[in-house]
Enquirer: 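Got a structure here, written out as structure tokens. Questions coming.
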Amino acid sequence: MSKTWTVTADGINHQIEYKGRKIIVDGTKYNLKSSNWFIQLIDYAINFGDVSCHLVVIGNKADLAVNGRYLGSGEAYEPVSNIPVAVSIFAGISVVLGFLMNSWLGACIGILLGAMYFNFYLKKKSLTPVIIVFAVASVLQVVLGLAVGMLLLSL
């Protein structure tokens with residue numbers, strides 16, 4: 001995935017390009033590192049004089065915030081690096097539980113659920129909805145695993 005933005009600061013146009021785990025600012029490459037082990041979560045600051053920019057990557061979505069506003073969505077910029085560890089733990093548990101109950105298909109479902117936990121937290125800025133979704137998803141994973149197991153045993 002590649003995205004390009006042009007930012008004007010002090011009458012000079014600056015080119016910012018995001019390519020995977022690299023950012024190219026005016027032709028200079030910088031490596032990026034996710035602040036989360038489960039989902040790609042990057043908040044990289046770039047300053048051009050009095051213009052403050054933040055490249056924010058969540059999963060496979062990237063946007064550039066310039067002076068507190070995202071260029072893509074127009075929403076106000078909020079730092080994303082302060083996600084509680086509990087969200088990552090819930091995501092990991094969902095992947096492992098999914099694998100134990102339904103093998104690789106369950107693990108894939110767990111990965112999707114984990115991504116959903118991160119999105120819920122980032123939208124609501126509260127851990128309570130994440131806990132509720134995690135509990136419901138865990139019950140559904142167990143029920144699905146038992147149903148598949150019973151189906152396979154009946155064959």
Side-chain angles (χ1 to χ4, degrees), residues 1-5 7 14 16-26 28-48 50-150:
M1 173 176 131
S2 179
K3 282 196 153 192
T4 304
W5 300 274
V7 176
H14 298 279
I16 300 172
E17 185 175 2
Y18 168 70
K19 286 185 171 185
R21 294 210 172 207
K22 293 184 181 178
I23 185 171
I24 302 168
V25 180
D26 293 334
T28 306
K29 291 182 184 181
Y30 301 95
N31 290 326
L32 301 173
K33 185 176 178 185
S34 178
S35 64
N36 190 284
W37 59 271
F38 186 78
I39 189 170
Q40 186 164 292
L41 194 63
I42 298 169
D43 189 343
Y44 187 82
I46 308 157
N47 292 312
F48 303 112
D50 61 346
V51 176
S52 174
C53 302
H54 285 268
L55 172 68
V56 177
V57 181
I58 302 170
N60 62 355
K61 295 180 183 179
D63 203 352
L64 186 71
V66 178
N67 291 333
R69 286 265 173 227
Y70 286 107
L71 295 179
S73 66
E75 295 178 9
Y77 163 77
E78 290 184 37
V80 295
S81 59
N82 54 358
I83 293 180
V85 174
V87 178
S88 296
I89 292 171
F90 292 153
I93 290 171
S94 288
V95 172
V96 171
L97 181 64
F99 179 76
L100 293 175
M101 297 304 293
N102 292 305
S103 188
W104 293 107
L105 175 63
C108 291
I109 292 170
I111 290 170
L112 292 174
L113 289 171
M116 187 173 71
Y117 303 152
F118 283 97
N119 285 333
F120 258 68
Y121 182 79
L122 291 171
K123 286 181 184 174
K124 305 287 184 185
K125 297 294 183 199
S126 171
L127 199 55
T128 305
V130 176
I131 294 170
I132 293 168
V133 171
F134 169 72
V136 171
S138 296
V139 169
L140 291 176
Q141 279 185 306
V142 170
V143 169
L144 178 64
L146 293 174
V148 169
M150 294 250 198

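All values below come from the heavy atoms of this structure, side chains included, with hydrogens, waters and symmetry mates left out.
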Enquirer: What distance separates R69 CZ from E75 CD, expressed to the nearest 0.5 Å?
Expert: 8.5 Å
Enquirer: Can you tell if the side chain of Y44 reaches within under 4.5 Å of the side chain of Y18, non-hydrogen atoms only?
Expert: no
Enquirer: To the nearest 0.5 Å, tell me how far I132 CD1 sits from S126 OG.
Expert: 8.5 Å
Enquirer: Measuring from atom OH of Y117 to atom CD1 of I89, what distance do you get when rounded to the nearest 0.5 angstrom?
Expert: 13.0 Å
Enquirer: Which heavy atom of D43 sits nearest to which heavy atom of P79, and what is that distance?
Expert: OD2-CA, 3.5 Å
Enquirer: What do the steps show when you test V7 against I46 for side-chain contact (heavy atoms from CB on, under 4.5 Å), and what is the final call?
Expert: CA-CA 11 Å; V7 176; I46 308 157; over 6 Å; no
Enquirer: Hey, mind stepping through V133 and F90 against side-chain contact (heavy atoms from CB on, under 4.5 Å) and telling me if it holds?
Expert: CA-CA 10 Å; V133 171; F90 292 153; over 6 Å; no
Enquirer: With the side chain counted from C-beta on, respond yes when W5 and V66 share a heavy-atom pair under 4.5 Å apart, and no when they do not.
Expert: no
Enquirer: Could you tell me the separation between the CG atom of L140 and the CG atom of L97, rounded to the nearest 0.5 Å?
Expert: 11.0 Å
Enquirer: If the plane angle is over 60° it's perpendicular, under 30° parallel, otherwise tilted; pick one for Y77 and H54.
Expert: parallel
Enquirer: Any side-chain heavy-atom pair from K61 and V56 closer than 4.5 angstrom?
Expert: no
Enquirer: Does any non-hydrogen side-chain atom of L32 lie less than 4.5 Å from one of L55?
Expert: yes
Enquirer: Quick one: CD1 on I109 to CG on L144, what's the gap to the nearest 0.5 Å?
Expert: 5.5 Å
Enquirer: So, for A86 and L127, which heavy atoms are closest and what is the spacing to 0.1 Å?
Expert: CB-CD2, 4.0 Å
Enquirer: Would you please test F118 and S88 for side-chain contact (heavy atoms from CB on, under 4.5 Å) and show each step?
Expert: CA-CA 8 Å; F118 283 97; S88 296; 3.6 Å; yes
Enquirer: Please examine the side chains of N60 and Q40, heavy atoms only from C-beta on, and report whether any two atoms are closer than 4.5 Å.
Expert: no
Enquirer: Apply side-chain contact (heavy atoms from CB on, under 4.5 Å) to the pair K3 and I16, showing each step before the final yes or no.
Expert: CA-CA 8 Å; K3 282 196 153 192; I16 300 172; over 6 Å; no
Enquirer: For F48 and H14, take the angle between the two ring planes, folded into 0 to 90°, and tell me which bin it lands in: parallel under 30, tilted 30 to 60, perpendicular over 60.
Expert: parallel
Enquirer: Rounded to the nearest 0.5 Å, how far apart are NZ of K19 and OG1 of T4?
Expert: 8.0 Å
Enquirer: State whether the side chain of N67 and the backbone N or O of S52 hold a donor-acceptor pair below 3.5 Å, judged by distance alone.
Expert: yes
Enquirer: Counting C-beta onward and ignoring hydrogens, is there a side-chain heavy-atom pair between I58 and L41 closer than 4.5 Å?
Expert: yes
